[in-house]
Amino acid sequence: MTRTIVAATQENMQAARDLAAQIGAMLAPIETSTFPDGEIKVRATGAASRTVFFHRLDRPNEKLTTLFLAAAALRDLGADEIVLVAPYLCYMRQDQAFHKGEAVSQQVIGALISQWVDHIITVEPHLHRIKDLSTVFPSIKVTSLSAAPLLAGFVKEVCSKGETVLVGPDEEALAWTRVVAAQAGVPYVVMKKIRRGDRRVEITLDPIIKIAGKYVYLVDDIVSSGATLCAAAALLKERGAARIEAIAVHALCSQQDLKAIKGAGIARLRSTDTVPHETNAVNVTSLLALALGAPTI
Ligand code: R5P
């Protein structure tokens, strides 16, 4: 059976084409346009019984509408099974009502997406209190891929000189900083973080840990405002780090935030291309292709 991959936005087209080439599928673009009042019009140009929808869900509000409309159009064209490949999955961080009256976005958006697709393949979803992606999407199949081997390979390549230490900027980063460090064969430490607001964090590091003179590589899953990286870099500089670089799975930060990150002393921030971003340095296509190689696709 010919596999079909669809993608809706221009920024996704090249990555979708690469993925299609790797798994031997054809690419059928989803055409979109915007009416004068801002509503979106969607037209699917092709579908197969099993259709793979490549859709990176950063800056997600409009992209979610496109997803729902496109999924409906794909069903009309005969897609019995829609596999959403969303290397970055949105709205995962608001997993509880932190203040009275707040919507639990993770559940709401999870339920909406579940209505339209049969399977989600994603990379390093930001799960905190909810540990398992299938809790967010109980009615559909989920595949959660780890970027750790790709990051480890990259870190190994760039950290070959000097005395390197990987630094996770908060305790949430512990599990996978440990994995990346072990696979890359470099030591790691993890900082402690208290978040005071969207752009206000406090970071501490056990004073016994020696940073002076070291080449420090910060690793995080998401760079959103960049506040975490900036606070971490300030402390590492204070402790005498020889050089600070950073790598993230999902880079969501703006140009302005990027400037602040550089200003904070991070010589270079690199990211995977789960989100299209000027810091992209690690390609995840092979990881996605492997997941799509499963016999059910
Ligand atoms: C936190 O839980 C995450 O792992 C990241 O550290 C966080 O999302 C980064 O956000 P920001 O760049 O806004 O500090």
Side-chain angles (χ1 to χ4, degrees), residues 56-60 86-99 102 104-106 109 122-133 136 144-148 150-152 155 166-181 188-205 216-237 244-272 274-282:
R56 293 182 280 201
L57 285 169
D58 54 300
R59 289 167 288 117
Y88 173 68
L89 195 51
C90 56
Y91 283 109
M92 289 297 108
R93 283 179 284 178
Q94 181 85 12
D95 59 4
Q96 67 175 49
F98 298 96
H99 303 99
E102 282 178 0
V104 183
S105 317
Q106 187 191 67
I109 300 297
T122 190
V123 180
E124 301 287 358
H126 185 93
L127 299 176
H128 185 196
R129 283 152 289 265
I130 307 291
K131 299 287 177 214
D132 190 346
L133 198 58
V136 185
S144 177
L145 303 170
S146 169
L150 290 176
L151 292 192
V155 165
L166 285 197
V167 176
D170 54 36
E171 283 155 320
E172 286 174 31
L174 169 65
W176 60 285
T177 303
R178 185 166 43 201
V179 176
V180 175
Y188 74 94
V189 298
V190 171
M191 301 169 119
K192 285 199 169 119
K193 176 170 90 181
I194 300 175
R195 185 170 284 281
R196 302 279 182 205
D198 286 349
R199 290 176 175 273
R200 274 193 321 124
V201 298
E202 283 168 22
I203 292 208
T204 52
L205 176 67
V216 177
Y217 222 87
L218 280 158
V219 270
D220 208 353
D221 58 346
I222 295 181
V223 181
S224 180
S225 68
T228 300
L229 285 187
C230 290
L235 180 59
L236 293 164
K237 249 172 42 180
I244 309 168
E245 294 197 27
I247 190 158
V249 181
H250 312 294
L252 301 169
C253 50
S254 67
Q255 283 275 344
Q256 206 183 339
D257 295 329
L258 208 49
K259 269 194 199 143
I261 289 168
K262 290 197 171 136
I266 295 182
R268 192 158 179 189
L269 165 64
R270 290 182 264 210
S271 63
T272 76
T274 56
V275 173
H277 198 268
E278 64 178 275
T279 57
N280 287 168
V282 180

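Since the model is a prediction, treat every value here as computed from it, not as a measurement. Counting starts at 1 for both ligands and their atoms, in listed order.
Here the straight-line distance linking atom CG of Asp220 with atom CG of Asp170 works out to 5.5 Å at 0.5 Å rounding.
The shortest N or O to N or O distance between Pro169 and ligand 1 is not under 3.5 Å.
When non-hydrogen atoms are compared, ligand 1 lies under 4.0 Å from the side chain of Asp170 (C-beta onward) but not from its backbone. Under 4.0 Å from ligand 1, the heavy atoms of Arg195 that appear belong solely to its side chain. For His128, no heavy-atom contact with ligand 1 is shorter than 4.0 Å. Under 4.0 angstrom from ligand 1, there are no non-hydrogen atoms of Arg199.
The closest approach between a heavy atom of Gly226 and any atom of ligand 1 is below 4.0 Å. Within the 4.0 Å heavy-atom shell around ligand 1 one finds Asp221.
Nearest protein heavy-atom neighbour of atom 6 (O) of ligand 1: Asp220 OD2, 2.6 Å. Nearest protein neighbour of atom 9 (C) of ligand 1, counting heavy atoms only, is Ile222 O, 3.3 Å. The protein heavy atom nearest to atom 8 (O) of ligand 1 is Arg93 NH1, 3.4 Å. The shortest contact between atom 13 (O) of ligand 1 and any protein heavy atom is with Ser225 OG, 2.6 Å. At the top of the distance list for atom 2 (O) of ligand 1, counting protein heavy atoms only, stands Glu172 OE1, 2.5 Å.
Of the possible donor and acceptor atoms, one in the side chain of Arg195 sits under 3.5 Å from a partner among the backbone N and O of Gly197. In terms of modelled atom types and a separation under 3.5 Å, the side chain of His277 and the main chain of Cys253 share a donor-acceptor contact. No side-chain donor-acceptor contact under 3.5 Å links Ser271 to the backbone of Ala248. Side-chain atoms of Glu124 do not come within 3.5 Å of backbone N or O of His126 as any donor-acceptor pair.
Residues Tyr88 and Val249 form no side-chain contact, since every pair of their non-hydrogen atoms from C-beta on lies 4.5 Å or further apart. Counting only heavy atoms from C-beta outward, the side chains of Arg93 and Ser224 approach each other to under 4.5 Å.
Other residues, nucleotides and ligands place more than 12 heavy atoms under 6.0 Å from the CD atom of Glu102.
Among Asp257, Leu229, Thr228, the residue whose heavy atom sits closest to atom 14 (O) of ligand 1 is Thr228.
Here is the list of ligand 1 atoms found below 4.0 Å of a heavy atom in His126: 1 (C), 2 (O), 3 (C), 4 (O).
Under a 4.0 Å N-O distance rule, the pair Glu245/Arg270 qualifies as a salt bridge.
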